[in-house]
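Right, one structure below, let's go through it.
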Amino acid sequence: MAFASALGALVGGLWGYLYLTESGRRFRVQLEPRIDDFLNEMHRMQGTVHKAREAAGESWSSLQEIANDVSRVGSERTGQSH
């Protein structure tokens with residue numbers, strides 16, 4: 001309970017500083033482009049992670065196909081059927 005109260009007081013004080021004072025307004029004006037840049041970078045990173053995930057999935061599928069082919073060829077050589 002004390003932690004929640006302290007956190008609430010901290011958030012309220014920060015909000016008051018940012019929105020009720022001139023120096024808070026100047027800070028927000030300086031901070032907003034940086035936040036936009038950060039969010040844009042996160043969006044680009046998300047796209048990169050998505051592409052990497054697709055490539056990994058395709059690689060895994062290829063490896064499974066190769067393993068199946070090797071298993072099939074090995075079975076054909078020994079006269080076993082799968």
Side-chain angles (χ1 to χ4, degrees):
M1 182 74 164
F3 177 74
S5 296
L7 184 60
L10 179 65
V11 169
L14 181 61
W15 183 89
Y17 169 74
L18 291 174
Y19 288 92
L20 300 176
T21 66
E22 183 61 28
S23 60
R25 187 193 67 76
R26 283 192 306 268
F27 181 75
R28 281 193 345 260
V29 166
Q30 293 173 348
L31 187 62
E32 286 173 359
R34 292 180 182 153
I35 291 173
D36 288 340
D37 290 345
F38 175 76
L39 292 175
N40 288 334
E41 187 63 33
M42 290 297 106
H43 183 69
R44 282 192 295 271
M45 186 185 303
Q46 183 180 16
T48 301
V49 168
H50 179 72
K51 288 177 187 176
R53 205 177 273 162
E54 285 180 350
E58 289 174 12
S59 297
W60 182 250
S61 294
S62 295
L63 286 173
Q64 287 178 324
E65 286 178 25
I66 291 169
N68 288 339
D69 289 346
V70 168
S71 176
R72 183 183 47 79
V73 168
S75 294
E76 288 173 359
R77 285 186 179 172
T78 60
Q80 299 173 355
S81 62
H82 248 245

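A quick note: this is a predicted structure, and the numbers were derived from the prediction, not measured.
Side chain of Ser61 to backbone of Gly57: a donor-acceptor contact under 3.5 angstrom is found.
Within the structure, side-chain hydrogen bond (donor to acceptor under 3.5 Å, both in side chains) contacts touching residues 49-60 (residues at least two apart or in different chains) are His50-Glu54.
Other residues sharing a hydrophobic cluster with Leu7 under the 4.5 Å side-chain heavy-atom criterion for ILVMFWY residues are Phe3, Val11. In this structure, Leu10 stands alone, with no Ile, Leu, Val, Met, Phe, Trp or Tyr side-chain heavy atom under 4.5 Å from its own, directly or through other members. Hydrophobic cluster membership of Phe27, counting Ile, Leu, Val, Met, Phe, Trp and Tyr whose side-chain heavy atoms lie under 4.5 Å apart directly or via other members: Leu14, Trp15, Tyr17, Leu18, Tyr19, Leu20, Leu31, Ile35, Phe38, Leu39, Met42, Met45, Val49.
With sequence neighbours excluded, the residues forming a salt bridge (charged side-chain N to carboxylate O under 4.0 Å, His left out) with Arg25 are Glu22, listed by chain and number. Partners of Glu41 under the salt bridge (charged side-chain N to carboxylate O under 4.0 Å, His left out) rule, at least two apart in sequence or in another chain, are Arg44.
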